[in-house]
Amino acid sequence: MGERFAVVSGGGTGIGAAVARGLVADGYDVLIVGRREDVLRAAAERIGAECGRPDAVRAATADLTDPAQLAEVVSAVGDRTVDAVVNNAGGYLGGPTGTLDEVAAWWRVNLDANVLTAVLLTEALRPALRRPGGRVVLLSSIAAQRGGAGPYSAAKAALHGWAYDLAAQLGPEQITVNVVSPGYVAETEFFGDRMTPEGHAKRVGATLVGRAGLPDDIAAAVRYLVSPAAGYVTGQVLGVNGGSVLGR
């Protein structure tokens, strides 16, 4: 059993799986959480095998927009102290917007998927966070800083304000709260079949480094923020976007 323990939502694919793999490599045991049991279990087995620690990753299936299903996560954590909560669940959810009811549904589903998931998971595990030394990381998006994605942009921006409040609440207990804000990241499920070669080239061209981000780029930032080296970093938004949006 690892000395440290982390919970990663949306941990079955893409950035979440890369974060989980990186933390296992750093010596953590990791609980990955998501809605798709088959995807989670496959990821847990794969990551454990890749890192030579087959028992280091477990899975808990839950829809984190439903408060009742958080009991499954709390049960999976058991009596372990949680060193890090990484809130990665979410995504851009489209839908028809021809009527006000449809607009309302579109906004609600994006706010639920990107904000409520993080709030409910963090609050459910808040009593179990290590004191001192716990870490909370929220995954935002470049869309929160430059717009362009309607309710998804607004939802990710909402995480920033909540992170500042949470950092102030938990700081006296030596628990840090930070946001990682990725730019364009290839090799994820985010765009589904919407990404075109032209769209990829446009996004790469907007960076200063001339390449797309990869899940491991984002995982590296998370690994830093949950490490002991980041104990004096809290209430911050760390942009990992290849320079497509400059710091501000």
Side-chain angles (χ1 to χ4, degrees), residues 6-20 22-23 28 30-34 62-65 70 73 82-93 110-126 128-130 133-147 149 151-171 173-183 185 188 190 213 215 217-227 230-241 245 247-248:
V7 178
V8 180
S9 68
T13 62
I15 291 171
V19 169
L23 294 180
Y28 286 79
V30 178
L31 177 69
I32 55 175
V33 183
D63 180 346
L64 297 179
T65 67
L70 269 296
V73 182
V82 177
D83 293 275
V85 178
V86 181
N87 290 288
N88 173 69
Y92 175 82
L93 302 174
N110 275 278
L111 289 167
D112 282 356
N114 293 286
V115 180
L116 194 61
T117 54
V119 172
L120 292 181
L121 180 61
T122 302
E123 289 298 321
L125 299 182
R126 187 165 169 169
L129 281 168
R130 184 174 298 281
R135 304 283 191 259
V136 177
V137 178
L138 312 176
L139 271 294
S140 175
S141 168
I142 196 172
Q145 297 158 288
R146 69 180 184 189
Y152 174 77
S153 299
K156 290 303 190 182
L159 291 178
H160 298 191
W162 179 56
Y164 304 150
D165 282 350
L166 196 61
Q169 293 170 20
L170 296 179
E173 300 176 79
Q174 298 296 301
I175 297 170
T176 67
V177 181
N178 291 289
V179 178
V180 175
S181 179
V185 179
T188 76
F190 181 83
D217 293 315
I218 312 307
V222 174
R223 291 166 75 178
Y224 163 66
L225 288 173
V226 304
S227 75
Y232 198 52
V233 180
T234 195
Q236 303 302 309
V237 178
L238 175 57
V240 186
N241 58 44
V245 168
R248 62 173 183 257

Student: Please report the closest heavy-atom contact between Ala163 and Val179, naming both atoms and the distance.
Tutor: CB-CG2, 3.5 Å
Student: Of the non-hydrogen atoms in Ala118 and Leu138, which two are nearest, and what is the gap between them?
Tutor: CB-CD2, 4.3 Å
Student: Are Leu31 and Val73 side-chain neighbours, meaning at least one heavy-atom pair lies under 4.5 Å?
Tutor: yes
Student: How close do Thr65 and Asp112 get, counting heavy atoms only, and between which atoms?
Tutor: CG2-O, 3.5 Å
Student: Enter the distance from Tyr92:OH to Lys156:NZ here, rounded to the nearest 0.5 Å.
Tutor: 13.5 Å
Student: Can you tell me how far apart CD1 (Ile218) and CG (Leu139) are? Round to the nearest 0.5 Å.
Tutor: 7.5 Å
Student: Do Val185 and Pro215 have side chains that get closer than 4.5 Å, going by heavy atoms?
Tutor: yes
Student: Can you name the nearest heavy-atom pair linking Ala221 to Val240, along with the distance?
Tutor: CB-CG2, 3.8 Å
Student: Could you tell me whether the side chain of Ser9 reaches within less than 4.5 Å of the side chain of Thr117, counting heavy atoms only?
Tutor: no
Student: Where the side chain of Gln236 meets the backbone of Thr234, is there a donor-acceptor pair that is under 3.5 Å apart?
Tutor: yes
Student: side-chain contact (heavy atoms from CB on, under 4.5 Å) with Val19: which of Ile32, Val30, Val86?
Tutor: Val86
Student: Heavy-atom distance under 4.5 Å between the side chains of Leu111 and Leu116, does that happen here?
Tutor: no
Student: Heavy-atom distance under 4.5 Å between the side chains of Val136 and Asn87, does that happen here?
Tutor: yes
Student: Quick one: do Arg126 and Leu170 satisfy side chain to side chain contact (heavy atoms under 4.5 Å, CB included)? Show the steps, please.
Tutor: CA-CA 10 Å; Arg126 187 165 169 169; Leu170 296 179; 3.7 Å; yes
Student: Quick one, Trp162 with Val115, criterion side chain to side chain contact (heavy atoms under 4.5 Å, CB included). Give me CA distance, side-chain angles, the key distance, then yes/no.
Tutor: CA-CA 9 Å; Trp162 179 56; Val115 180; 6.0 Å; no
Student: Is any side-chain heavy atom of Val8 closer than 4.5 Å to one of Tyr28?
Tutor: no
Student: To the nearest 0.5 Å, what is the distance between CG (Asn178) and OG (Ser140)?
Tutor: 12.5 Å
Student: With rounding to the nearest 0.5 Å, note down the distance linking OH in Tyr164 to CG in Leu159.
Tutor: 10.5 Å
Student: Measuring from atom CG of Asp83 to atom OG of Ser227, what distance do you get when rounded to the nearest 0.5 angstrom?
Tutor: 12.0 Å
Student: Which heavy-atom pair separates Val237 from Ser181 by the least distance, and what is that distance?
Tutor: CG1-CB, 4.0 Å
Student: Would you compute the distance between atom CG of Leu93 and atom CG of Asn110 and round it to the nearest 0.5 angstrom?
Tutor: 4.5 Å
Student: If every non-hydrogen atom of Gln174 is compared with every non-hydrogen atom of Arg135, which pair is closest and at what distance?
Tutor: O-NH1, 4.4 Å
